[in-house]
Colleague: 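Below is the structure I would like to discuss, written out as structure tokens.
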Amino acid sequence: MELERKIYHEQIRLIYNQGPVLVVGATLCAFIITLFLWRHLPQSTLLFWLSAVAVSSVLRVWVIAVYLKADRQTREQPVWGTFFWLGTLTAGMIWGVWPLMFYQLYTTEYLLLISTIFAGMVAVSAASGCVYLPSFLSFSIPLTLPLAITHILSGNDSLVLTGMLLIMFLAVNFFLAVRGQRQYRELIRSQFENQVLMERLAGEKRIAERAIVAKSRFLAAASHDLRQPLHAMGLFLSALRRREDEPAKIEILNDMSKSAEALNGLFNSLLDVSRLDAEIIDFNPSHLVASDMFDALRAQFVQQAEEKGVQLSVDARSHVFFCDAILLERVLRNLVSNAIQYTNHGTISMRCEDHVEGSKMVILRDTGIGIPPDATEDVFSEYYQLNNPSRDRSNGLGLGLAIVRRLCELMDMPLEMESVEGQGTIFRLIVPGGDPAQLVAQEDDEPSTLQTAGRQVLVIDDEVQVLQSMRHLLEGWGITVMLAESARDALKVMALSDGTPDLIISDFRLRDNLNGVDAVAVVRESLESSIPAIIVTGDTSPARLREVSDTGLHVMHKPVKSEELQALIQRLTDGSQRAAAGAAGLVSDETTSNGATIRPTWQSPEIEVA
């Protein structure tokens with residue numbers, strides 16, 4: 001059996017590792033005894049015995065050295081165990097013959113002393129040789145039995161008793177050595193079994209990691225492919241709404257838009273996780289008025305709560321936070337939305353209190369269904385949902401609390417949860433306190449009425465549907481549109497056009513392994529001008545998001561909301577100062593639901609909650 005073979009070779013390795021100390025110790029002991037008996041016994045015979053001990057020790061040390069220097073394959077040869085016990089057998093015979101050579105010359109006291117020395121050597125051999133039992137037997141038996149038998153046959157009562165005690169002592173140590181070897185083998189067996197388990201665990205980990213990578217690739221590919229038609233549909237709906245004035249048809253368009261926005265929310269949940277995986281979310285703390293954020297959240301969710309018969313209340317008092325406004329708002333929004341989703345009656349309250357060392361504690365309490373004790377960790381896992389076995393898409397993807405935990409870890413804000421099944425849940429979030437004296441008034445950089453008429457925009461996309469939907473939408477805003485499927489087409493279109501574009505809108509992923517960044521560079525080089533540009537992407541893979549973020553261009557994620565696109569177009573093309581900022585490619589990817597840079601505000605997009 002393979003495991004038994006490994007255990008045997010491990011025993012041999014351990015006994016060889018102990019070998020040098022045992023050999024050197026026995027040799028020194030022989031040298032000391034020779035000096036002690038030098039004047040009492042024939043010196044030539046003593047020298048002959050000591051020489052035999054020395055030669056045996058040298059040979060044993062040489063064999064041990066060869067083994068220790070050998071490679072793994074050589075060590076696994078079966079002869080090494082035989083070599084070792086042959087060495088201990090030789091040493092035991094040399095030691096065992098010594099007292100017999102001078103037995104008639106010793107007094108009883110010397111014989112008792114020698115018997116004591118031999119008993120000590122047997123004990124040491126049992127302690128060290130139990131790793132490999134043949135080494136103990138091959139040394140202790142030839143060492144002890146000849147002297148014990150000679151004692152018993154001597155006729156001296158004291159020596160007879162000593163001989164019998166030596167045999168008993170050898171038997172006891174044999175029993176202990178056998179048990180010790182059994183324990184050693186069990187330990188070695190456990191070591192190898194644990195090693196096998198660790199290897200299996202490592203293999204399972206690699207399989208899981210490959211599955212995660214495959215899942216991320218699938219989600220990224222599926223998200224990109226599905227975002228394309230969703231992006232085009234949203235633009236078509238926006239363009240159609242501007243051209244329709246019949247209330248019944250407008251209501252149908254609004255219902256279609258809500259369905260598209262719901263699907264967009266699901267995609268944005270995946271996008272949030274991918275952005276966290278890509279580590280491209282920045283943490284920019286500032287001093288914030290808690291009541292402004294709380295009131296805005298209540299205004300957003302109060303109607304949804306009333307439709308379920310739930311009372312939603314907030315109380316921020318006059319507290320001030322020092323935190324990233326956008327990320328904190330996302331955390332609180334996910335928590336409130338999650339509470340409304342799982343509360344069918346009663347109340348939901350969110351309040352802020354003073355905490356230790358100037359920090360603030362946000363407490364969100366609901367009277368919902370609660371969380372079972374065995375699911376308190378699972379609810380923070382990705383794609384986990386309570387009471388949604390049918391995976392109803394209206395309940396999200398099960399990413400809300402996973403996003404909450406990861407954002408709290410990013411901001412280093414402790415999050416605690418208490419829940420009683422059937423009674424409700426309490427979340428406690430510790431937020432750093434801010435300084436009221438350092439509050440900066442929010443300025444609204446976005447005009448109340450968007451005016452983009454008269455601009456010229458170059459749109460580059462290899463999807464005909466997206467090009468046509470973008471054309472209908474932009475022309476509805478009074479924008480002159482140039483359409484191109486690649487950078488080469490863009491150069492042709494500009495050559496046949498009377499004017500030059502004020503802005504470039506390009507898809508990131510184009511045909512022939514090219515991307516929108518390359519297309520923007522080609523157009524800018526042709527015009528010899530760093531005109532502002534927007535990169536639109538449907539990718540959600542962490543690597544691709546990091547790549548897009550590193551381009552230094554304005555980024556929007558499909559499906560693009562028409563009002564956000566129009567606001568960004570106006571900001572980048574309205575006035576020389578704004579155009580210069582756009583040409584410099586300043587990036588901010590936290591202000592809209594799709595990552596576009598519009599204005600510094602903490603009012604972030606709606607995040608789909610599990």
Side-chain angles (χ1 to χ4, degrees), residues 224 227-228 231-232 235 278 280 452 455-464 466-471 473-474 479-497 499-541 543-560 564-589 591-592 594-598:
H224 177 271
R227 280 175 183 267
Q228 289 287 84
H231 175 58
L235 298 180
I280 60 174
T452 53
R455 275 76 166 180
Q456 293 195 59
V457 175
L458 171 63
V459 181
I460 305 174
D461 200 303
D462 55 2
E463 291 284 341
V464 176
V466 174
L467 288 176
Q468 294 303 319
S469 62
M470 190 69 77
R471 179 177 65 83
L473 180 66
L474 298 182
I479 296 175
T480 301
V481 184
M482 305 177 189
L483 302 179
E485 296 185 9
S486 64
R488 181 177 301 177
D489 289 344
L491 296 180
K492 293 179 182 179
V493 170
M494 289 190 300
L496 297 174
S497 176
T500 58
D502 301 307
L503 176 72
I504 305 170
I505 300 177
S506 177
D507 187 21
F508 180 74
R509 186 186 295 184
L510 300 175
R511 292 193 182 100
D512 300 325
N513 294 324
L514 298 178
N515 58 52
V517 179
D518 299 328
V520 170
V522 170
V523 173
R524 284 179 171 179
E525 182 179 358
S526 174
L527 297 175
E528 297 182 352
S529 173
S530 295
I531 63 174
I534 302 172
I535 297 295
V536 182
T537 179
D539 286 290
T540 58
S541 66
R544 187 58 58 87
L545 288 175
R546 193 179 299 111
E547 180 182 356
V548 175
S549 178
D550 292 342
T551 62
L553 298 173
H554 294 273
V555 180
M556 300 187 78
H557 294 275
K558 297 177 182 179
V560 172
E564 293 174 356
L565 176 61
Q566 187 177 14
L568 184 56
I569 291 175
Q570 177 164 321
R571 194 171 85 83
L572 295 179
T573 59
D574 188 17
S576 58
Q577 182 177 1
R578 292 175 182 266
L586 300 177
V587 177
S588 174
D589 47 7
T591 59
T592 71
N594 52 27
T597 304
I598 292 182

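Atoms considered below: every heavy atom in the structure, side chains included; atoms not considered: hydrogens, waters and symmetry mates. The first residue of the sequence shown is numbered 1, and numbering continues consecutively from there.
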Colleague: Can you tell which of Leu458, Leu568, Ile460, Leu565 makes a side-chain contact (heavy atoms from CB on, under 4.5 Å) with Ile505?
Modeller: Leu565

Colleague: Nearest heavy-atom pair of Val520 and Ser506: which atoms, and what distance?
Modeller: CG2-CB, 4.4 Å

Colleague: Enter the distance from Glu564:CD to Arg571:CZ here, rounded to the nearest 0.5 Å.
Modeller: 13.0 Å

Colleague: Side chains of Leu514 and Ser486, heavy atoms from C-beta outward: is any pair under 4.5 Å?
Modeller: no

Colleague: Less than 4.5 Å apart, side chain to side chain, heavy atoms only: is that true for Val466 and Asp507?
Modeller: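 No - every pair of side-chain heavy atoms lies 4.5 Å or more apart.
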
Colleague: Considering only heavy atoms from C-beta outward, does the side chain of Pro532 approach that of His554 to under 4.5 Å?
Modeller: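 No, every pair of side-chain atoms sits at 4.5 Å or beyond.
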
Colleague: Taking the side chain from Ser497 and the backbone from Val493, do they hold a donor-acceptor pair closer than 3.5 Å?
Modeller: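 Looks like no, no N/O pair under 3.5 Å.
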
Colleague: Check each of Asp461, Leu467, Val459 against Glu485 using the side-chain contact (heavy atoms from CB on, under 4.5 Å) test, and report the only one that passes.
Modeller: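 Considering Asp461, Leu467, Val459, a side-chain contact (heavy atoms from CB on, under 4.5 Å) with Glu485 is found only for Leu467.
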
Colleague: Which distance, rounded to the nearest 0.5 Å, do you find between the CD of Gln456 and the OG1 of Thr573?
Modeller: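 Going from CD on Gln456 over to OG1 on Thr573, the span is 11.5 Å.
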
Colleague: Give, for atom CG of Leu553 and atom CD1 of Ile504, the distance between the pair rounded to the nearest 0.5 Å.
Modeller: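 It is 9.0 Å, given to the nearest 0.5 Å.
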
Colleague: Under 4.5 Å between any side-chain heavy atoms of Asp518 and Leu510, yes or no?
Modeller: no

Colleague: Grab the two heavy atoms, one from Met482 and one from Thr500, that are nearest each other, plus how far apart they are.
Modeller: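 Nearest pair, atom of Met482 first, then Thr500: CE-C, 4.2 Å.
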
Colleague: Does any non-hydrogen side-chain atom of Leu483 lie less than 4.5 Å from one of Gln468?
Modeller: yes

Colleague: To the closest 0.5 Å, what do you measure between CD1 (Ile479) and CD (Gln566)?
Modeller: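 Ile479 atom CD1 to Gln566 atom CD measures 7.0 Å (nearest 0.5 Å).
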
Colleague: Carefully, step by step, assess Leu474 and Ile569 under the rule side-chain contact (heavy atoms from CB on, under 4.5 Å).
Modeller: CA-CA 10 Å; Leu474 298 182; Ile569 291 175; 3.8 Å; yes

Colleague: Compare all side-chain heavy atoms of Met494 with those of Leu527 and state whether any distance is below 4.5 angstrom.
Modeller: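 Yes, at least one pair of side-chain atoms sits under 4.5 Å.
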
